[in-house]
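Below is one structure; the comments refer to it alone.
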Amino acid sequence: MEIKTAEFSISSPRVSLCPDDTKPEYAFIGRSNVGKSSLINMLCRNKKLAKTSSTPGKTLLINHFIINKQWYLVDLPGYGFAKRSKSELAKIEQMIRGYILERQQLVNVFVLIDVRLEPQAIDLEFMEWLGVSQIPFSIIFTKADKISALKVKNNIEAYKKKLLETWEELPPYFVTSAEKQDGRDDVLNYIEEINNGLRESIS
Ligand code: GTP
Ligand code: MG
């Protein structure tokens, strides 16, 4: 799929203030600093679209970006950033979970996982919550440029094994590097397939 236009739409502190239209949307979620905003910029080939930072906790609101004037990419704040106050953490958690549970237009959640790390409880628990809540999701492994190709392969095998302890089936997954633009076509084609399916089901 070609991205012809990618524009910032709105930042919202809660789901009730998100864009009031019916276009499908795809949200990016994961731990702070995993590379959600960088991935959105990579997909859109615009480094300035979503704000990124080497310090965790950059994205604080629900950010909508309209793509080809037809569908949205949604950048969310990260979870699990220890240096926030308890009330701040609770507020962000509420924002993320409220958005995911209530947003009718949300067709798929991409859970971002840093490919360098061993499976983390916080991510596994979040995916379990998505499963229990019946929210369709896929996994995007990020920062693949930071380790060797062999290590990427081994880490993903280990991750799959861990998931199969609780899941009967593995979700679709993608391997990406925002730095090297790897995995861009895979993710965009996947979104396009879902968009096409939605169009068919409407017509
Ligand atoms: P929060 O908004 O704080 O939750 O973080 P985020 O998940 O949006 O992360 P962000 O995109 O701001 O990236 C965090 C840091 O990781 C930045 O310094 C990015 O440059 C870096 N980064 C993100 N993706 C990649 C990648 O694929 N490769 C490399 N080498 N660095 C990356
Ligand atoms: Mg961010």
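Remember, predicted model here, so these are calculated numbers, not experimental data.
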Given side-chain contact (heavy atoms from CB on, under 4.5 Å), test Cys44 with Leu73 step by step and report yes or no. CA-CA 10 Å; Cys44 298; Leu73 287 177; 3.8 Å; yes
Please check if the side chain of Asn155 supplies one atom and the backbone of Val115 the other of a donor-acceptor pair under 3.5 Å. yes
Is the shortest side-chain heavy-atom distance between Tyr173 and Tyr159 below 4.5 Å? no
What one should report as the nearest heavy-atom pair of Leu49 and Ala6 is CD1-O, 3.8 Å
Heavy atoms of Leu61 and Pro77 approach each other most closely as O-CD, 3.5 Å
Side-chain contact test, heavy atoms from C-beta onward, threshold under 4.5 Å: evaluate it for Glu7 versus Lys69 and give yes or no. yes
Any donor-acceptor N/O pair, Glu169 side chain to Trp167 backbone, under 3.5 Å: no
Following the transitive rule for hydrophobic clusters with a side-chain heavy-atom cut-off under 4.5 Å over Ile, Leu, Val, Met, Phe, Trp and Tyr, establish whether Leu124 and Ile122 coincide in one cluster. yes
So, do Ile62 and Cys18 sit near enough that their side-chain heavy atoms are less than 4.5 Å apart? yes
Test side-chain contact (heavy atoms from CB on, under 4.5 Å) applied to Trp129 and Ile135, step by step: CA-CA 9 Å; Trp129 176 77; Ile135 306 291; 5.6 Å; no
Quick check: is Leu164 connected to Met127 through a chain of hydrophobic side chains (ILVMFWY, heavy atoms under 4.5 Å apart)? yes
Take atom CZ of Arg116 as the centre, draw a 6.0 Å sphere, and report whether it contains more than 12 heavy atoms from other residues, nucleotides or ligands. yes
Is there a chain of hydrophobic side chains (I, L, V, M, F, W, Y, each step under 4.5 Å between heavy atoms) that links Val152 to Phe141? yes
Smallest heavy-atom separation, Thr176 atom then Gly183 atom, equals CG2-CA, 4.2 Å
Side-chain touch Met42/Leu39, heavy atoms, less than 4.5 angstrom: yes
Under 3.5 Å donor-acceptor, Gln105 side chain and Asp21 backbone: yes
Using side-chain heavy atoms (C-beta onward) and a distance below 4.5 Å, is Tyr99 in contact with Val109? no
If I take atom CD1 from residue Ile67 and atom NZ from residue Lys4, how far apart are they, to the nearest 0.5 angstrom? 12.5 Å
From CD1 (Ile10) to CD1 (Ile66), nearest 0.5 Å: 12.0 Å
Mind checking the CZ-CD1 spacing from Arg184 to Ile3? Nearest 0.5 Å is all I need. 5.5 Å
Are Lys91 and Glu88 close enough for a salt bridge, meaning some N to O gap below 4.0 Å? no
Any donor-acceptor pair under 3.5 Å from Asn68 side chain to Thr5 backbone: yes
Correct closest heavy-atom pair for Lys143 and Gly35 would be CE-N, 4.4 Å
Joint cluster assignment, Val15 & Leu17, ILVMFWY side-chain distance < 4.5 Å: no
Go through the steps for Phe126 and Ile100 under the test side-chain contact (heavy atoms from CB on, under 4.5 Å), then give the verdict. CA-CA 12 Å; Phe126 191 80; Ile100 290 175; 3.7 Å; yes
Any link between Ile156 and Ile113 through a network of hydrophobic side chains (Ile, Leu, Val, Met, Phe, Trp, Tyr) touching at under 4.5 Å? yes
Kindly compute the distance separating CD (Glu25) from CH2 (Trp71), expressed to the nearest 0.5 Å. 11.5 Å
Please tell me if the side chains of Asp182 and Val175 come closer than 4.5 Å, counting only heavy atoms from C-beta onward. no
Distance (rounded to the nearest 0.5 Å) between Glu125 CD and Tyr79 OH: 9.5 Å
Apply the test side-chain contact (heavy atoms from CB on, under 4.5 Å) to residues Leu188 and Glu192: give CA-CA distance (whole Å), side-chain angles for both, the deciding distance (0.1 Å), then the verdict. CA-CA 6 Å; Leu188 289 179; Glu192 186 174 34; over 6 Å; no
Measure the shortest side-chain to side-chain distance between Leu43 and Phe28 over non-hydrogen atoms and say whether it is less than 4.5 angstrom. yes
Just checking, any donor-acceptor pair under 3.5 angstrom between side chains of Tyr190 and Ser138? yes
Side-chain donor/acceptor of Thr142 to backbone N/O of Val34, under 3.5 Å: yes
Hey, is CD on Gln94 packed in by over 12 heavy atoms from elsewhere, all under 6.0 Å? no
Can you tell if the side chain of Ile29 reaches within under 4.5 Å of the side chain of Phe137, non-hydrogen atoms only? no
Starting at CD1 of Ile40, measure out to CG of Asn63 and round the result to the nearest 0.5 Å. 8.0 Å
So which atom in Leu170 and which in Lys160 form the shortest heavy-atom distance, rounded to 0.1 Å? CD1-CD, 3.4 Å
Check: Lys36 side chain, Arg31 main-chain N or O, donor-acceptor pair, under 3.5 Å: yes
Determine the minimum heavy-atom distance between Leu163 and Pro171, stating which atoms define it. CD1-CD, 4.3 Å
